[in-house]
Amino acid sequence: MKQIKLIFLCGLLILGTGCTCRPTDPAELAVYEANNDPFEPTNRAVFEFNQSVDKAIIKPIAKGYRFVVPKWLRAAIYNFSLNLRQPVYFVNALLQGEPKQAGIITKRFFLNTFLGFWGTIDVAGDMKIPAYDNDFGQTLGVWGVPPGPFVMLPILGPSDVRDAVGYGVDTVAAPINWATDSIWPGFIYSRMALEGIDTRERALDFLDSLENSSTDYYATLRTMYQQNRQKKVNDNRSAPVNEETGEAEKASYEFDFPEYEDE
Amino acid sequence: MKKLAVLLIALTLFCKPVYAVEPAIQFISDLADKIITNVLTSQDSEEKKINYFRKEFTQALDLKSIGQFVLGRYWKMATTEQRDAFLDAFMEFTTLTWADRFHMYNGQKIIFAGTRNAEGKQLYVDSKIMNDGTPVEVIWRVRQKGDSFKIIDIIVEGVSMAMSYRNEYTAFLQKNGGDVSKLTDELKTKAQNFQLTSSDKTKK
């Protein structure tokens, strides 16, 4: 647990070192503000690092994992690790004022734990019970905390200040991590590593395709992350209202889209 | 008995929606059906599928509006020739990007939830792609022109394609002195790489 805090602090320190200056040109400024990425030079450097680690280590391991471990076993491992997360999702659903989602999460957890061999079989999914993944970054967003600047975390990838804090809180608060801390202190890292490899394996095809199709992979990941997170927060905010104008806040995709007129 | 009655009502409501379907939903649903039958589940050659997809996709999109949007302020700075060249390259490149993802289709079905008004003559068509786990939320932003519709944006789980391309291309153009021709060349190169990798791709 101590090491996690240390990694976290280091991450925050790295952030403080590189900043882009605010542009003065209005068009440049609009882009600068929309990107919400004042630490871009540092973030891009971290991203370069992540990409090289991914190419040299993580991706080959993920490919090996796909090659060696049969599909049914990968599914079981995924289901098991997902099931271990449910208590954290449950607490966050309550904190977000979503008792109905919390109820569904509970149902899912008990069904899968007791009928699905400790979570290795997704019984609830077969019964078409929806899955939720409420995290603490989302909770903070539902409470009205803005995302803050975009952050590229080492190894973990795209995030923002709010979600990075949320990730830390979720990791420290997870009951399974406390429960195992005294018996097997390495559990938390083994779990993170296995989950990381599993996540990377499931994203292999999509991320390859995304990287091949992007002229600036960093910018693509940044905007996709930001838009998707805003949606997740908005989904659980009851009629979000813009604090400045008092009007209902629009979803991130509801921007003005001028149509082309023949000149 | 009561349950049966409810079931029967439900069946009549859901099984024959044809008579009351909103035209915008009909437009997207027809397009999805055509793509699923002739591309995603088709046994035709890769080339034939891509050609079919290109044709349908080009007809369904309002390419000029999308191009103008994704280039943002650089659209105004570009010459007509630069714009046309960009639109061609962009269209071909997006077609191949989607073609690269055809094999990820796994029998998912699409269901429609309704439409919402956007500004002007634009509509959002709400849909869900039913996956094994949780459904994926897909919103189609369409514009109406007379009786016909054109897609101007596709929003997957909150991520707008148009906005994502705009962000990406702005980043690229900022680094390349705002020269749209450089972006066009880059898209052409990437399109070629796609063709190279897809030709030696083994079917999974």
Side-chain angles (χ1 to χ4, degrees), chain A residues 23 25-28 30-32 34-35 37 40 44 75 78-79 82 122 124-126 128-133 205-206 208-210 212-235 250-263, chain B residues 62-69 72-73 75 80 93-94 96-98 100-101 103-104 116 118-122 124 132-135 137 139 141 143 145 150 152-153 155-160 162-176 183 186-187 190-191 193-194 197 204:
Chain A
D25 176 59
E28 294 272 356
V31 173
Y32 175 86
N35 288 344
D37 191 7
E40 186 165 342
R44 281 198 186 258
Y78 169 66
N79 291 335
L82 196 64
D122 186 14
D126 295 339
K128 303 277 173 221
I129 293 173
Y132 292 97
D133 55 354
D205 293 348
F206 181 68
D208 275 356
S209 168
L210 198 66
N212 284 338
S213 69
S214 179
T215 57
D216 189 324
Y217 192 30
Y218 171 86
T220 301
L221 289 175
R222 177 178 63 196
T223 183
M224 288 182 79
Y225 181 81
Q226 290 170 331
Q227 294 181 61
N228 179 255
R229 287 302 291 181
Q230 198 192 331
K231 177 208 183 302
K232 292 205 108 169
V233 168
N234 284 349
D235 275 353
K250 285 183 171 175
S252 67
Y253 60 82
E254 289 178 302
F255 43 79
D256 193 43
F257 200 128
E259 290 162 12
Y260 177 83
E261 305 296 344
D262 285 305
E263 283 146 19
Chain B
D62 181 357
L63 184 62
K64 281 192 169 166
S65 294
I66 297 172
Q68 173 183 278
F69 183 82
R73 66 200 182 93
W75 176 264
T80 319
F93 170 74
T94 7
L96 293 175
T97 307
W98 285 93
D100 190 52
R101 297 174 191 166
H103 70 275
M104 296 179 194
R116 285 174 291 137
E119 78 257 18
K121 282 201 151 190
Q122 298 179 5
Y124 296 114
D132 293 344
T134 310
E137 200 180 290
I139 302 166
R141 186 170 185 171
R143 70 176 286 202
K145 224 182 178 182
K150 295 268 183 195
I152 52 174
D153 195 8
I155 300 124
V156 181
E157 283 293 309
V159 180
S160 146
M163 186 51 93
S164 301
Y165 278 128
R166 182 166 155 145
N167 267 289
E168 176 194 328
Y169 293 163
T170 304
F172 181 89
L173 288 165
Q174 269 178 340
K175 278 187 292 186
N176 289 281
L183 179 60
E186 177 76 9
L187 291 181
K190 293 224 160 243
N193 288 344
F194 260 133
T197 49
K204 273 174 221 156

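Chain naming here is simple, since letters A, B, ... match the order of the sequence lines and numbering starts at 1 in each. None of these values were measured; they are calculated from a predicted model.
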Novice: Mind ranking B:D62, B:I152, B:I139 by heavy-atom pairs under 4.5 Å with chain A and telling me who comes out on top?
Specialist: B:I152
Novice: Are any of the side-chain heavy atoms of A:Q226 and B:N167 separated by less than 4.5 Å?
Specialist: no
Novice: Tell me, for B:L63 versus chain A, whether the close heavy atoms (under 4.5 Å) come from the side chain, the backbone, both or neither.
Specialist: neither
Novice: Could you tell me which non-hydrogen atom of B:M104 sits nearest to which non-hydrogen atom of A:S209, and how far apart they are?
Specialist: CE-CB, 4.3 Å
Novice: At what distance, to the nearest 0.5 angstrom, does CG of A:N212 lie from CG of B:L96?
Specialist: 11.5 Å
Novice: If I measure from the heavy atoms of chain A, does B:K150 come under 4.5 Å with its side chain, its backbone, both, or neither?
Specialist: neither
Novice: Roughly how far, to the nearest 0.5 Å, is the CD1 atom of B:I66 from the OH atom of A:Y260?
Specialist: 14.0 Å
Novice: Within this structure, what is the CD-CG distance for the pair B:E137 and A:D235, rounded to the nearest 0.5 Å?
Specialist: 6.0 Å
Novice: For A:T220, is there any backbone N or O sitting under 3.5 Å from a side-chain donor or acceptor partner on B:S164?
Specialist: no
Novice: At a heavy-atom separation under 4.5 Å, does A:N35 approach chain B through its side chain, its backbone, both, or neither?
Specialist: side chain
Novice: For the pair A:E254 (side chain) and B:E119 (backbone), establish whether a donor and an acceptor sit closer than 3.5 Å, ignoring hydrogens and angles.
Specialist: no
Novice: What distance separates B:M163 CE from A:S252 OG, expressed to the nearest 0.5 Å?
Specialist: 8.0 Å
Novice: Relative to chain A, which of B:F172, B:Y124, B:F93 shows the most heavy atom pairs under 4.5 Å?
Specialist: B:Y124
Novice: Please state whether the rings of B:F69 and A:F255 are parallel, tilted or perpendicular, taking 30° and 60° as the class boundaries.
Specialist: parallel
Novice: Please look at B:Y165 and chain A and tell me whether the side chain, the backbone, both or neither of the residue comes under 4.5 angstrom of a heavy atom of that chain.
Specialist: neither
Novice: Answer with side chain, backbone, both or neither: which region of A:Q230 has an atom nearer than 4.5 Å to a non-hydrogen atom of chain B?
Specialist: neither
Novice: With no hydrogens and no angle check, just 3.5 Å: does a side-chain donor-acceptor pair link A:T215 and B:E168?
Specialist: yes
Novice: Looking at A:F257 and B:A162, what are the two nearest heavy atoms and their distance?
Specialist: CE1-CB, 3.8 Å
Novice: Once rounded to the nearest 0.5 Å, what's the spacing between atom OG of A:S213 and atom CG of B:N193?
Specialist: 11.5 Å
Novice: Decide yes or no for B:R101 and A:L210: does some side-chain heavy atom of the first lie under 4.5 Å from some side-chain heavy atom of the second?
Specialist: yes
Novice: Heavy-atom distance under 4.5 Å to chain B: side chain of A:F206, backbone, both or neither?
Specialist: both
Novice: Answer yes or no: is there an ion pair linking A:E259 with B:K121, defined by an N-O contact shorter than 4.0 Å?
Specialist: no
Novice: Name the region of B:A171, side chain, backbone, both or neither, that has any atom closer than 4.5 Å to a heavy atom of chain A.
Specialist: both
Novice: Can you confirm whether A:Y253 sits close enough to B:R141 that some side-chain heavy atom of one is under 4.5 Å from a side-chain heavy atom of the other?
Specialist: no
Novice: Just so I know, are the side chains of B:I155 and A:K231 near enough to count as touching, which here means a heavy-atom distance under 4.5 Å?
Specialist: no
